[in-house]
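We name chains A, B, ... by the order of the sequence lines, and we start the count at 1 in each one.
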2 protein chains.
Amino acid sequence: MAATIYDVAQLAGVVPSTVSRYLNGYGVRGKNRLKIEQAIETLGFKQNLIATGLKRSRLRSIGVLLPNYTIFFMTITAQLERILAQSNYSLLLGNFEDDLTLLQTKLDFVEEHFIDGLILFSSGVGTESAPRLQQYLQKKLPVVLVEQEIPGISTDAVIVDNAHASFRAVEKLIHENHTRIAIVNSPEHIYVFRERLRGYRHAMQTYNLPVDERWIVTGRFVDMGEYAQIQQLFDLPNPPTAIFATTYYATLGTVVAAHQQHLKIPEDISLIGFDHFDPIDALEPPLSLVLQPIEAIAQTAADLLLQRLDGNYANFPQTITLSTRMAMRESIRKL
Amino acid sequence: MAATIYDVAQLAGVVPSTVSRYLNGYGVRGKNRLKIEQAIETLGFKQNLIATGLKRSRLRSIGVLLPNYTIFFMTITAQLERILAQSNYSLLLGNFEDDLTLLQTKLDFVEEHFIDGLILFSSGVGTESAPRLQQYLQKKLPVVLVEQEIPGISTDAVIVDNAHASFRAVEKLIHENHTRIAIVNSPEHIYVFRERLRGYRHAMQTYNLPVDERWIVTGRFVDMGEYAQIQQLFDLPNPPTAIFATTYYATLGTVVAAHQQHLKIPEDISLIGFDHFDPIDALEPPLSLVLQPIEAIAQTAADLLLQRLDGNYANFPQTITLSTRMAMRESIRKL
DNA sequence: TTGTATGCGTTATCAT
DNA sequence: ATGATAACGCATACAA
C-alpha cells in the first residue's frame, strides 16, 4: 500500500489536514514543515491523484484531440507532452479520424475523464461543434484551438498565417517568371485550405495573372487513386509550368503524379510544397517548401492553456497568429 | 452538476447501493431494474470515473509507452485506441523518446496515474528496465510487450518474426541472382535489428555467399548526415548489387543515398525495404518491401491485455509471433 | 497556524 | 434482493 497523508501526518506528528495544507502551498509553521518534508521523504509519499481528483473533479490532465495521428500533429503532440508534463499534466489523446461525429464522441469521452483543459486541433471542425465546445467554456474548462478558429465560439486559438504563406509561395514562383501556376489544395470546407487558396488567388491577382479554374485541384491525396486529378493538369492544352502544393500529402502526391507522367522536377514542372518531415528528404530533387513553425505552435498553445488554467483570463479570447518561413531548395526552375 | 447515483436512487425510489449493484451487474429485482434504467435515462446519469477509481485504485486506462511518435507506432496506437475504447478503456500515451532513463520516468508516471495495464513498445528496452516491470507484475498490473521480449521478465509479448522476414527478403534477392548483397540496418543492441541481421547472415550462409563485413551498414538514418555511410557502399571496389534496408528510415535513406550518387533503382542498384507508409508511394520506382502486420499486432496486443484484465491468466506468459509478408514491386532487377 | 468534522461519488460489508 | 453504513484519500469550512 502506498503511503497516505495519514501516514505522513502520523510520522510527522501533525494532523492530516496540516499535511494537506502543506501540499497545497498554504502556510505551515517552519518546524512542522520540516517534519512533514522529512516524513514525505522517508515514506516516499506521493499524492493520490484520484483522491484529489474526487475533490476537484479534475484529474490534472489535458485532452488533446487530433483529426488523425499523422506526423504533423504527432510532432506537435510530442512537444505538448514534454511541456505540459513539466507542470504535471498528463495528456489524454483522442483521434477523431477526420470524422466530426467521432469528434463529438471524443469530446464527451475526454470530458467524462475530468480533463482540466482541452487542446483541439480543429482542422475541418466547424460550427456543428460549437455548441458542445460552448458547454466546455461554460464549465470553465479552458479550450485552445489549434489550426483554425471556429465561428460562433470565442476562445483562444493558435493559427498560422496561411493566406500570407500562400501568397509568398506563389509570389516566389512568379518572381521566377512563372505565370501559369496551379494549386494542389485540400477541401475548402476546411478553413486552413480556404485560406491557402485565398492567398494563391490574391497573389495571382496582385500580379495580374489570370487563373484558369482547371488549375485548382482539390483532394486529400492520401490514396494512390487521387493522383489522377493532378495528372490532368499536365494534360491541359497549355499546362501550368509550376505547382503550389498546400499540404504535405499534396506535395508528395504531386511528386508521384509527375513521376508517373515522366515529368522531371524542376526541368518540366516547378514545385513548391508545404511542410517538411523526414521522408521528404528522400525525394529528388530537394524540394522548396513552406515550413510551419511546429515548435512555436506547441509552445504557444501550451502557454496559452497553462495561463488559463492558472485562472489568468487576461485578453480572453486571444488568437495568436504565427508565421511560416520558406526553405528554398531545388524544385523551382527560373523561366 | 452531473447526476449521481443518489439522484438516480431517489428518482427510482430505491437506495443508492441498489443502483450501484445494478451498475455492477448484480441481481436487481425486475421492477427496480426498470425504474433505475428509466431514472438513468432521464437524468443522463454517467458513472463518475474518479469515484469508482478511488475505490478500485484504477482509472480504467491503459498506459501505452512508445519509443517515439513515428508513423509505425502511431498507426498501431490508433488501432489500439479504437479497440480498447470499445471496452471503455482510455489510453495514457507516453513517448520515451528512445531514452531508457526517460522510460523509467514514464513508467512511474503512468503507474501514478492508476492505469489498469501497460502496453510497452519495447524496442531497445533491455534488462535495465526489468526490475521496474517486475514491480508492475507483482502488483497484478498486466504488461504486454510489443516488438521484443525483455530478458529477465516473463510476461506476454507480441513480436514479429524478424529473422525469418529478413531471410526471405535476402533470399528473394538471391533468387534474382544477386550475390553481393548489403544490409542497411539499425543498431544491434536493439533486439529487432539483431534478429534482422541474423536473418540476413543466415540467408547468405545458406546459399554459400560470402559476406563482406563492409556491406553491413548501421545507423538510424533520421538525419541527413548519416546517408554518407550508405554511400560508401557504392564506392567499394566491388560494390554490392543489391541492398536490404531493414527499417522504414533505412529504406528512405538508401533511396536518398542512391539519388545523391546518381544511381538508378533498380538499374544500378536493387533494393528491398521495410515497412510501407504513404510517403513511400511518392518514390520512384515503386519499392519492393517487407510488410509488418500492423493491424494484427494491435489486435493481438489488445486481445492479450484484455484477457489478462479479465483475470484470465491461461498460458501466461505467452509470446505470440506474427509473420510478415512481402510486396514485390519494381525496385529489384534480375541479374 | 492548527485541529475537527464533513463531504466528494462510489463500492463493499454487514444486516435485514 | 435490499437497506444502512463505513471506507477509499484528500481538501476545506469552521472553530479554536
**Complete:** Numerically ordered, the residues 14-24 of chain B set in heavy-atom contact under 4.0 Å with DNA chain C is B:Ser17, B:Ser20, B:Arg21, B:Asn24
**Asked** Between atom CG of B:Leu93 and atom CG of B:Leu66, what is the distance when rounded to the nearest 0.5 Å?
**Response** 5.0 Å
**Prompt:** Taking only residues two or more places apart in sequence, or in another chain, which ones meet A:Lys46 in a salt bridge (Lys or Arg N to Asp or Glu O under 4.0 Å)?
**Reply:** B:Glu112
**Prompt:** Would you call B:Leu305 and B:Tyr89 a side-chain contact if the rule is heavy atoms closer than 4.5 Å?
**Reply:** no
**Request:** Strictly below 4.0 Å, heavy-atom distances to any atom of DNA chain C: list the hits from residues 39-59 of chain A, or just say none.
**Result:** A:Leu54, A:Lys55
**Message:** If only side-chain N and O atoms count, and only distance matters, is there a donor-acceptor pair under 3.5 Å linking A:Thr52 with A:Gln47?
**Reply:** no
**Prompt:** Does the side chain of B:Gln104 pick up a donor-acceptor pair with the side chain of B:Asp108 at under 3.5 Å?
**Reply:** no
**Fill in**
Overall bend of the helix from C:dT1-D:dA16 to C:dT16-D:dA1 (five pairs an end, 10° steps) is 40°
**side chain to side chain donor-acceptor pair (under 3.5 Å) partners of residues 55-64 of chain A, not counting sequence neighbours, each pair once** = A:Asn24-A:Arg56
**Request:** Scan residues 106-118 of chain A against DNA chain C and write down, sorted by residue number, each residue with any heavy atom closer than 4.0 Å; if none is found, say none.
**Result:** none
Sequence neighbours left out, cut at 3.5 Å: what donor-acceptor pairs do the side chains of residues 8-18 of chain B make with other protein atoms?
none

**Complete:** OG of B:Ser122 to OH of B:Tyr191, rounded to nearest 0.5 Å, is 10.0 Å
**Prompt:** Looking at A:Tyr313, does the NZ or CZ of A:Arg308 lie under 6.0 angstrom from its six-membered ring centre and within 45 degrees of the ring axis?
**Reply:** yes
**Message:** Tell me which pairs pass side chain to side chain donor-acceptor pair (under 3.5 Å) where either residue lies in residues 90-101 of chain B, with sequence neighbours left out.
**Reply:** A:Arg82-B:Glu97, B:Asn68-B:Asp98
**Complete:** The first and last nucleotides of DNA chain D lying within contact of chain B, meaning any atom under 4.0 Å from one of its heavy atoms, run from D:dA1 to D:dG9
**Request:** Check the side chains of A:Gln299 and A:Asp303 for a donor-acceptor pair under 3.5 angstrom, ignoring hydrogens and angles.
**Result:** yes
**Request:** Enter the distance from A:Ile294:CD1 to A:Leu322:CG here, rounded to the nearest 0.5 Å.
**Result:** 11.5 Å
**Inter-residue atom distance A:Leu23.CG - A:Ile36.CD1, 0.5 Å rounding** = 7.5 Å
**Request:** May I have all residue pairs that pass ring pair (Phe, Tyr, Trp, His ring centres under 6.0 Å) and include part of residues 11-46 of chain A, sequence neighbours excluded?
**Result:** none
**DNA chain C: 5'-most and 3'-most nucleotides touching chain B, 4.0 angstrom heavy-atom criterion** = C:dG9 to C:dT13
**Request:** Return each pair, listed once, that meets ring pair (Phe, Tyr, Trp, His ring centres under 6.0 Å) where at least one residue sits in residues 116-154 of chain B; pairs must be two or more places apart or across chains.
**Result:** B:Phe73-B:Phe121
**Message:** Let's go through B:Glu81 and A:Tyr69 carefully: what are the C-alpha distance in whole Å and the side-chain angles of both, what is the deciding distance for side chain to side chain donor-acceptor pair (under 3.5 Å) to 0.1 Å, and is it a yes or a no?
**Reply:** CA-CA 11 Å; B:Glu81 181 179 339; A:Tyr69 285 159; 2.3 Å; yes
**Message:** Please report the interatomic distance CD1(A:Ile153) to CG(A:Leu145), rounded to the nearest 0.5 Å.
**Reply:** 6.5 Å
